[in-house]
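Just below is one structure, and these are the notes that go with it.
All residue numbers in this chain count up from 1 along the given sequence. Note that ligands are numbered from 1 as they come in the structure, with each ligand's atoms numbered from 1 the same way.
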Amino acid sequence: MKSRTSLTSWKDLNEHAQEMKKYHMSEIFEQDAERFTDFSIRLEPFLLDYSKNLITHNTMDKLIALAKECEVESWREKMFNGERINSTEDRAVLHTALRDRSHAKLMLDDKNISDDIKKSLNKMKEFSDNIRQGLYKGYSGKRITDVVNIGVGGSNLGPQMVTEGLKKYSDCNVNVHYVSNVDGTQIANVLRPLNPETVLFIVSSKTFTTTETITNAKTAMKWLVSSSFDQGAITKHFVAVSSNKANAMEFGIDEDNIFDMWDWVGGRFSLWSAIGLPIAIDLGFERFTELLEGAHEMDKHFKTAPLEANTPVILALLSVWNCTFLGAQSQAILPYDQPLHMLSAYLQQAEMESNGKSVNWHGDEIDYPTVPSIWGELGINGQHAFYQYLHQSNNVVPADFIGSVESVTPVKGHHETLMANFFAQTQALMQGVNEEQVRADLKAKGRTQEYIDQVAPHKVHKGNRPTNTILMKRISPKSLGSLIALYEHKIFVQGIILQVCSFDQWGVELGKGLANKIKAELESDNCNSPHDSSTDGLIKYYKSVGTL
Ligand code: F6P
C-alpha cells in the first residue's frame with residue numbers, strides 16, 4: 001500500500017495549498033455570491049455551513065479526489081460490515097450496530113450480534129424502568145434516589161456529556177452523579193450528601209482493570225458497607241458495565257448485575273451501549289432510544305450520501321485541509337448552547353485518542369501532521385477568555401461553531417444576544433479588519449494622527465481564519481445523537497485519510513505502567529527503582545514532606 005504522500009491527489013493538494021495561501025477568504029466571498037449556497041448542507045437536524053474555509057470548488061474537488069484515492073467508501077463498508085479494521089487489536093469496530101434501529105442481522109465470528117444487542121437493550125430498559133418507577137429497592141426497602149456512575153474516559157465522558165446536554169429532558173426522578181477522578185476529593189464530595197440506603201453505584205469499565213475506577217469503586221463499596229453494616233447491601237447497590245465479567249464478579253458484583261460490553265465497541269464510542277445506562281435512568285428508556293435513533297439517522301446519511309454531500313466526510317476533509325495541508329495545529333470546538341458545555345472535553349478524547357498518532361497502518365513513521373489538538377469551551381465564556389488569541393495570535397486555529405435556532409430554555413432576550421455573538425464571531429474571524437479600515441475608523445472618531453499611528457497596528461485583525469458552523473434546530477435526544485455520530489464518523493474518515501489506526505490507544509499505556517510501579521514506591525520505605533534525576537527528586541521530595 002502506498003504512503004499517502006505519494007498519492008496523486010495528495011501531491012496535487014500540496015501544490016494547491018501553496019496557491020491558496022495567497023488568497024484571503026473575504027476576497028473569495030466578494031467574488032462569489034453563491035458561496036453559502038454551494039458550501040452548505042441542510043440535513044435534519046442541522047445546517048452545516050463550511051463556506052468560511054479557505055476553499056474554492058477546485059479545492060473541494062481535489063479533497064474529494066483524495067477521499068476516493070484513500071478508498072474511504074470501501075473502508076466505510078468494512079466498518080459497517082464488521083471487518084476487523086482495528087488491526088492492532090484485531091477487532092471489529094461496530095458501535096454503529098448498537099444503534100441500528102433496523103435490528104438487521106449482523107454476523108461476527110458466527111454469532112448474530114444484533115441478538116446480543118437487543119438482549120442488552122432489554123435489560124437496560126427493564127432495569128432503568130424499575131429504578132425510575134421506584135420498583136427497585138435498596139437493602140432497607142427504600143427506592144433509589146441517586147445513581148453514581150464510576151468510570152473514566154469513554155466510560156465517563158460520553159454519558160456525562162449527554163446527561164448534561166439533555167438535562168432539560170430529565171424529569172429529575174433520580175439524581176445522576178459522575179465520579180471519574182481518582183482524586184479522593186471528587187468521590188468524597190459526591191458521597192457526602194448521599195444516603196447509602198438510596199444510592200445505586202454503576203461501575204463502568206470496559207476492561208475492569210482501570211486502576212482509577214477500581215480505586216473509586218472500592219471506596220464506594222467501603223462507604224456503603226460501613227454505613228449499612230450489611231455486606232449483602234452490595235448486591236442491591238452495585239451494578240457493573242463491562243466486557244470483563246470475571247473481573248467484575250471477582251470485585252464483588254453479582255453476575256446478574258453485570259451489563260454486557262463487547263470488545264468490538266471502543267470505549268470512546270460506547271455511550272450507545274450499556275455504558276449509557278445512567279442516561280437511560282436519567283431520561284427514561286424512550287429518550288435513550290431517541291438518542292440512538294438520531295445517531296442511526298446519521299449512520300444512514302454517512303453510509304449512503306455521495307462523498308461531496310456527506311457531512312462527516314466534508315468535516316474530515318476540511319480538518320485534513322486546514323491542518324495537514326495549511327498547517328493549523330489545533331482546533332477549537334465552540335458551542336453556543338449551554339447544554340453542550342462538555343462537548344469539547346468529549347471530542348478531545350474522541351479525536352485525540354483516536355487519531356493522535358505518528359505511525360501509519362504499516363508501522364512506518366508518518367511525515368505529515370495528523371490531527372490537531374482539540375480544545376474549547378462554551379463560546380460566550382471563550383469570547384471573554386481566549387478569543388483574543390483566535391482573532392489576533394499568529395497561530396491560526398480553525399474552529400467549529402455549534403449553536404441552535406431555539407434554546408431549550410427560552411428566557412426573553414437571551415437567545416438573540418447569544419446568537420448575535422455566534423454569527424458575529426465567524427464573520428469577524430473570516431473578514432478581519434485591515435489597517436486602512438482601522439485608520440479610517442479612528443479618524444472618523446476624531447483621534448489624533450499620533451494616536452492613530454500608535455494604535456492602528458494593534459487593532460488590525462488579519463481575518464482569514466477558518467470556521468465551520470453547525471446550526472441545530474434545537475438540542476434534543478435525537479439531534480444530540482446525530483451530532484455525536486457526525487463527529488464519530490468525521491474522526492473515522494480522518495483516520496482513513498491520515499492512515500492511522502483510529503481504534504487503539506497504546507499511547508496511554510506507558511504512563512499507566514510507570515504509575516503502577518511508582519505507586520508501589522510511594523507506599524513503601526524503599527525508593528530504589530532507577531528513575532531520571534527529575535522524577536527521583538520529585539518522588540523523594542514528596543515522600544520527605546508528605547504524611548502518607
Ligand atoms: O486510558 C484510556 C482508556 O483506556 C480509554 O480508552 C477508555 O475509555 C478509558 O481508559 C476507560 O477504560 P475502561 O472503560 O476499560 O475502564
Side-chain angles (χ1 to χ4, degrees), residues 86-95 98 120 148-163 178-183 186-187 201-221 238-253 258-279 342-357 371 373-374 484 487-488 491-492 495 500-519:
N86 175 356
S87 56
T88 59
E89 296 179 325
D90 191 25
R91 290 174 182 170
V93 175
L94 278 172
H95 47 278
L98 296 165
S120 176
V148 179
N149 188 83
I150 299 178
V152 71
S155 300
N156 161 259
L157 283 165
Q160 189 173 7
M161 183 269 288
V162 172
T163 304
Y178 287 89
V179 172
S180 57
N181 195 345
V182 75
D183 183 331
Q186 191 186 24
I187 192 160
F201 293 99
I202 304 176
V203 187
S204 271
S205 177
K206 177 178 168 183
T207 56
F208 224 91
T209 57
T210 306
T211 315
E212 296 89 332
T213 298
I214 303 298
T215 306
N216 278 322
K218 275 186 188 155
T219 298
M221 225 174 226
F238 269 82
V239 300
V241 184
S242 185
S243 60
N244 188 344
K245 234 180 192 173
N247 271 26
M249 286 167 67
E250 200 186 313
F251 183 78
I253 297 180
I258 300 173
F259 290 78
D260 284 333
M261 255 286 264
W262 303 276
D263 71 358
W264 41 264
V265 185
R268 52 194 174 273
F269 303 98
S270 66
L271 72 91
W272 323 101
S273 69
I275 293 286
L277 185 61
I279 306 171
M342 279 191 66
L343 186 68
S344 58
Y346 171 78
L347 290 178
Q348 237 166 24
Q349 185 198 17
E351 185 161 325
M352 293 168 83
E353 195 167 82
S354 297
N355 291 339
K357 298 171 183 165
V371 290
S373 51
I374 301 288
I484 300 167
Y487 276 102
E488 284 181 348
I491 290 164
F492 167 76
V500 295
C501 300
S502 301
F503 299 99
D504 61 26
Q505 55 284 317
W506 301 108
V508 298
E509 296 304 325
L510 177 64
K512 275 188 199 172
L514 264 175
N516 284 339
K517 281 193 199 141
I518 293 178
K519 183 164 181 266

**Q.** Mode of Lys206 contact toward ligand 1 - side chain, backbone, both, neither (heavy atoms, under 4.0 Å)
**A.** both
Q. Considering only protein heavy atoms, which is closest to atom 11 (C) of ligand 1, and at what distance to one decimal place?
A. Val152 O, 3.2 Å
Q) For Ser205 and ligand 1, does the shortest N/O to N/O distance drop below 3.5 Å? A) yes
Q: Report yes if some heavy atom in the side chain of Ile214 is under 4.5 Å from a heavy atom in the side chain of Asn247; otherwise report no.
A: no
Q. Polar-atom distance check: Thr213 versus ligand 1, any N or O pair below 3.5 Å?
A. no
Q) More than 12 foreign heavy atoms under 6.0 Å from CD of Glu509: is that the case here? A) yes
(Q) I need the contact type for Thr207 against ligand 1. Using non-hydrogen atoms and a strict under-4.0 Å cut-off, is it side chain, backbone, both or neither? (A) both
(Q) Testing the basics here: between Ser120 and Trp262, what is the closest heavy-atom pair and its distance to 0.1 Å? (A) CB-CH2, 3.7 Å
(Q) Among Gly266, Ser155, Ser243, which one puts a heavy atom closest to atom 14 (O) of ligand 1? (A) Ser155
Q) Is a donor on one side and an acceptor on the other found under 3.5 Å between the side chain of Thr163 and the backbone of Ile279? A) no
Q: Write out the residue and atom name of the closest protein heavy atom to atom 4 (O) of ligand 1, then the distance separating them to 0.1 Å.
A: Lys512 NZ, 3.8 Å
Q. Looking only at non-hydrogen atoms, which of Met261, Arg268, Glu353 approaches atom 6 (O) of ligand 1 most closely?
A. Glu353
(Q) Suppose I only count heavy atoms of Val508 and a 4.0 Å limit; which atoms of ligand 1 are within that range? (A) 1 (O), 2 (C)
Q. Would Gln349 count as a contact of ligand 1 if the rule is a heavy atom under 4.0 Å away?
A. yes
Q.
Heavy atoms only: which of Gly507, Ser354, Ser270, Gly154 lies closest to atom 8 (O) of ligand 1?
A. Gly154
Q: Give me the ring orientation class for Phe503 and Phe269: parallel if the planes are under 30° apart, tilted from 30 to 60°, perpendicular past 60°.
A: tilted
Q: Just need the protein heavy atom nearest to atom 12 (O) of ligand 1, so name the residue and atom and give the distance.
A: Thr210 OG1, 3.5 Å
**Q.** Passing option when Arg268 is tested against Glu351, Glu488, Glu353 for salt bridge (charged side-chain N to carboxylate O under 4.0 Å, His left out)
**A.** Glu353
(Q) Hydrogens and angles aside, do Ser204 and Asn149 bring a side-chain donor and acceptor to less than 3.5 Å of each other? (A) yes
Q) Just by modelled atom types, is the Cys501 backbone N or O under 3.5 Å from a matching donor or acceptor in the Lys357 side chain? A) yes
